[in-house]
Student: 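I'd like to ask some things about the structure below.
Numbers for residues simply follow the sequence, beginning at 1.
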Amino acid sequence: MDLDVVVVTHNSAGLLPGALDALPDDVSVFVVDNASADASADVAEARGATVVRSAVNAGFGAGCNRGAALGHAKTILFLNPDAVIEPASLGRLVAAFDDDPVLGVAS
């Protein structure tokens, strides 16, 4: 699947397993950790995500931009660390963008 998933975290170690474990193996996952005091970055790395460890909490938007810059897929999903998305939903999301070249954003 041509999809990059960006997750921005801040003290989200307890939530990340649910979000990351639900993602299929054929997507690229980038976790931007905004200076967490817990093991958020370690949890993400243990699950195979590419992790950016920020020394400061620059906020959600800056984290999204940082994560998006790392990927190369045609479609990017910004996923909150407390969200669990089913693989079938991801497939429908990517298909919607593939089917409609005018579509730029979905939520």
Side-chain angles (χ1 to χ4, degrees):
M1 184 178 317
D2 191 21
L3 177 68
D4 290 335
V5 178
V6 175
V7 182
V8 178
T9 64
H10 180 72
N11 295 331
S12 305
L15 300 170
L16 275 174
L20 298 179
D21 291 349
L23 297 172
D25 293 336
D26 63 343
V27 301
S28 297
V29 181
F30 303 96
V31 173
V32 179
D33 183 66
N34 275 334
S36 291
D38 67 4
S40 294
D42 296 331
V43 168
E45 283 177 342
R47 284 168 166 73
T50 299
V51 177
V52 175
R53 295 173 187 250
S54 180
V56 297
N57 186 349
F60 182 74
C64 287
N65 288 337
R66 218 168 157 191
L70 297 173
H72 303 290
K74 197 166 64 169
T75 305
I76 303 170
L77 170 65
F78 297 105
L79 184 68
N80 287 334
D82 62 345
V84 177
I85 190 163
E86 295 185 16
S89 296
L90 288 177
R92 287 192 299 275
L93 174 68
V94 171
F97 283 99
D98 288 344
D99 294 345
D100 187 351
V102 177
L103 185 61
V105 176
S107 70

Student: Show me the donor-acceptor pairs within less than 3.5 Å that the side chains of residues 74-97 make with the rest of the protein, sequence neighbours left out.
Tutor:
from	atom 1	to	atom 2	distance (Å)
Lys74	NZ	Asp98	OD1	3.1
Ser89	OG	Arg92	NH2	3.2

Student: Side-chain heavy atoms under 4.5 angstrom apart, residues restricted to Ile, Leu, Val, Met, Phe, Trp, Tyr: same cluster for Val32 and Val51?
Tutor: no
Student: How close do Leu70 and His72 get, heavy atom to heavy atom, and via which atoms?
Tutor: O-NE2, 3.8 Å
Student: Tracing side-chain links under 4.5 Å among I, L, V, M, F, W and Y, which residues wind up in one group with Leu15?
Tutor: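 In the cluster with Leu15 there is nothing else; it is isolated.
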Student: Could you note down all residue pairs passing salt bridge (charged side-chain N to carboxylate O under 4.0 Å, His left out) where residues 1-13 supplies at least one of them, sequence neighbours left out?
Tutor: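 Sorted pair list comes back empty.
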Student: Return a table of donor-acceptor pairs under 3.5 angstrom between the side chains of residues 6-14 and protein atoms on other chains or two or more places apart.
Tutor:
from	atom 1	to	atom 2	distance (Å)
Thr9	OG1	Asp33	OD1	2.7
His10	ND1	Asn34	O	2.7
Asn11	OD1	Ala37	N	2.6
Asn11	OD1	Asp38	N	3.3
Ser12	OG	His10	N	3.3
Ser12	OG	His10	O	3.3

Student: Side-chain polar contacts of residues 16-26 - donor-acceptor pairs under 3.5 angstrom, sequence neighbours left out - could you list them?
Tutor:
from	atom 1	to	atom 2	distance (Å)
Asp21	OD1	Arg47	NE	2.8
Asp21	OD2	Arg47	NE	3.3
Asp26	OD2	Met1	N	3.0

